[in-house]
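Notes for the one structure printed next.
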Protein chains: 2
Amino acid sequence: MPNSPLPPTAWAVLGLLSFPGERTGYELKKWADASLRFFYGAPAFSQIYAELRRLEGLGYVTSRRSGPEEPRAKRAYAITEAGRDALAAWAAGGEDVGAVSLRHPVVLRVWLGHLAAPERLRALVEEHLAHAEGELKEVRDALARADGVEAWAHPQIALRWSERHLVSEVELTQGMLADLDALAHGTVNAAPDAPTAE
Amino acid sequence: MPNSPLPPTAWAVLGLLSFPGERTGYELKKWADASLRFFYGAPAFSQIYAELRRLEGLGYVTSRRSGPEEPRAKRAYAITEAGRDALAAWAAGGEDVGAVSLRHPVVLRVWLGHLAAPERLRALVEEHLAHAEGELKEVRDALARADGVEAWAHPQIALRWSERHLVSEVELTQGMLADLDALAHGTVNAAPDAPTAE
DNA sequence: TAGGACATGTAATCAGTTACATGATTAA
DNA sequence: TTAATCATGTAACTGATTACATGTCCTA
């Protein structure tokens with residue numbers, strides 16, 4: 001009945017609409033960029049629009065074209081009761097909620113560190129550190145805004161998780177930097193052309 | 001010109017071959033499952049075989065069919081000098097190393113928590129906690145094995161990062177559980193109508 | 001003798017991205 | 001008047017997964 005197996009991103013988009021009010025695809029994208037993105041990435045515009053059309057086909061959302069009273073031509077979406085039910089069923093997660101997926105290109109390069117110049121590698125990791133600090137600042141902004149605009153409890157918990165996660169990301173990166181430094185001066189031989197010595 | 005833009009996964013597979021010795025696709029998959037997967041996921045068998053064929057087409061790896069001396073018919077791959085050079089160039093990362101991508105289905109469901117029964121949500125999070133603890137155990141096993149088999153310094157740093165990351169994942173999950181509980185029995189520190197105080 | 005690990009692939013499908021295209025409205 | 005933002009889409013591509021298919025070798 002209700003469930004053809006939609007991808008998580010479709011549920012995420014529907015989830016964005018599960019909070020009161022109607023929104024355009026454009027608004028959904030902005031909101032995803034500011035909040036969803038910290039724990040689930042942010043789909044591209046094109047995908048959001050595609051998912052909205054699919055969700056409408058399933059009867060999970062309805063859309064309304066803006067009339068001439070509004071300055072700008074747009075299409076605003078709202079969740080239906082069927083959509084809310086389906087989303088709730090999905091969120092309750094029969095059995096398998098799916099695995100966490102992580103792709104960390106910086107750690108990947110460190111893993112391949114035997115091929116790189118130590119200073120270059122270090123620079124890469126330091127860039128990432130700065131980036132993570134920037135992200136942390138952004139999630140804190142989002143959290144601050146969430147007091148007013150996003151005063152719903154559960155999204156706040158998710159954002160709090162994201163904040164702690166980024167704090168940890170910063171620490172983890174610093175730890176990796178320390179490991180790299182320890183490797184560089186002294187402890188071990190990091191010979192780039194080491195023979196197949198056991 | 002060495003670089004048609006290969007996907008990170010191709011470089012990861014090539015990276016698996018950048019450590020001494022030759023390996024079959026099957027072995028690569030096992031190794032990815034035991035180590036790469038903690039910070040970059042593990043590609044499916046079919047993708048590994050596909051990437052190996054592509055890398056061979058580019059001259060980054062060579063392959064050798066097992067002769068009749070070996071019990072089992074298989075194809076073993078080894079990295080070439082060109083492959084090593086290309087990989088080193090990629091690892092040095094001109095400009096953009098790509099963004100960390102994270103998809104956390106559990107946090108996604110917590111974010112949607114207003115739709116679920118609190119006990120169900122809690123159960124979901126607790127399942128994840130147990131899972132993360134299991135993963136932590138596995139990464140520690142990998143780390144222990146790395147002393148012998150995987151005695152290369154940089155993969156060890158990556159595994160150390162993974163260990164700390166999973167420790168943090170466990171803590172983060174516990175924190176989220178605490179937030180959920182606080183929300184459930186009124187102890188909410190997140191005031192419903194906190195003013196937009198400066 | 002059966003089940004599991006080893007070993008390699010094909011086929012179909014799809015999620016998701018990038019690039020492109022268009023145009024209105026608003027603020028500088 | 002120019003740039004940014006709002007707003008919505010199409011087209012092409014490809015990364016990656018799942019399911020399937022096949023067969024060998026090892027061990028309990």
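Here is how names work: the chains are called A, B, and so on, in the same order as the sequence lines, proteins then strands, and each is numbered from 1. Keep in mind that the numbers below use all heavy atoms, side chains included, and drop hydrogens, waters and symmetry copies.
Shown here are the side chain to side chain donor-acceptor pair (under 3.5 Å) partners of B:Thr80, two or more places apart in sequence or in another chain: there are none. Partners of B:Glu56 by salt bridge (Lys or Arg N to Asp or Glu O under 4.0 Å), not counting sequence neighbours: none found. Partners of A:Glu126 under the salt bridge (Lys or Arg N to Asp or Glu O under 4.0 Å) rule, at least two apart in sequence or in another chain, are A:Arg122. Scored by the side-chain contact (heavy atoms from CB on, under 4.5 Å) test, A:Val125 finds A:Val106, A:Val110, A:Thr173, A:Met176, A:Leu177, A:Leu180 as partners (sequence neighbours excluded). Here B:Tyr26 pairs with B:Phe45 under the ring pair (Phe, Tyr, Trp, His ring centres under 6.0 Å) rule; sequence neighbours left out. Here A:Glu135 pairs with A:Arg37 under the salt bridge (Lys or Arg N to Asp or Glu O under 4.0 Å) rule; sequence neighbours left out. In terms of the salt bridge (Lys or Arg N to Asp or Glu O under 4.0 Å) criterion, residue partners of B:Asp33 (sequence neighbours excluded) are, by chain and number, B:Lys29. Remark: A:Glu70 engages A:Arg64, A:Ser66, A:Lys74 in a side-chain contact (heavy atoms from CB on, under 4.5 Å) (not counting sequence neighbours). A search for ring pair (Phe, Tyr, Trp, His ring centres under 6.0 Å) contacts involving B:His165 returns B:Trp161, not counting sequence neighbours.
Toward the 5′ end of DNA chain C lies the nearest nucleotide of B:Arg72, the other residue of the pair A:Ala44 and B:Arg72 mapping further downstream.
Fit an axis to the five pairs at each end of the helix from C:dT1-D:dA28 to C:dA28-D:dT1 and the two axes sit 40° apart, to the nearest 10 degrees.
Protein atom OH of A:Tyr49 is 16 Å distant from nucleotide atom C1' of C:dT18, rounded to whole Å. Between B:Ile48 atom CD1 and C:dC6 atom P the separation is 14 Å, expressed in whole Å. One atom, CD of B:Glu56, and another, C1' of C:dT8, lie 14 Å apart when rounded to the nearest Å. In this entry the distance linking OH of B:Tyr26 with C1' of C:dC6 reads 5 Å, nearest Å.
Salt bridge status for B:Arg160 with B:Glu163: absent, with no side-chain N to carboxylate O gap under 4.0 Å. Look at B:Glu51 and B:Arg54 and you find a salt bridge, because one of the NZ, NE, NH1 or NH2 atoms lies within 4.0 Å of a carboxylate O, short of that distance.
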Find every protein N or O atom lying less than 3.5 Å from an N or O atom of nucleotides 11-15 of chain C, and list the pairs.
none

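Contacts between chain A and DNA chain D, taken as any atom within less than 4.0 angstrom of a protein heavy atom, begin and end at D:dT5 to D:dA16.
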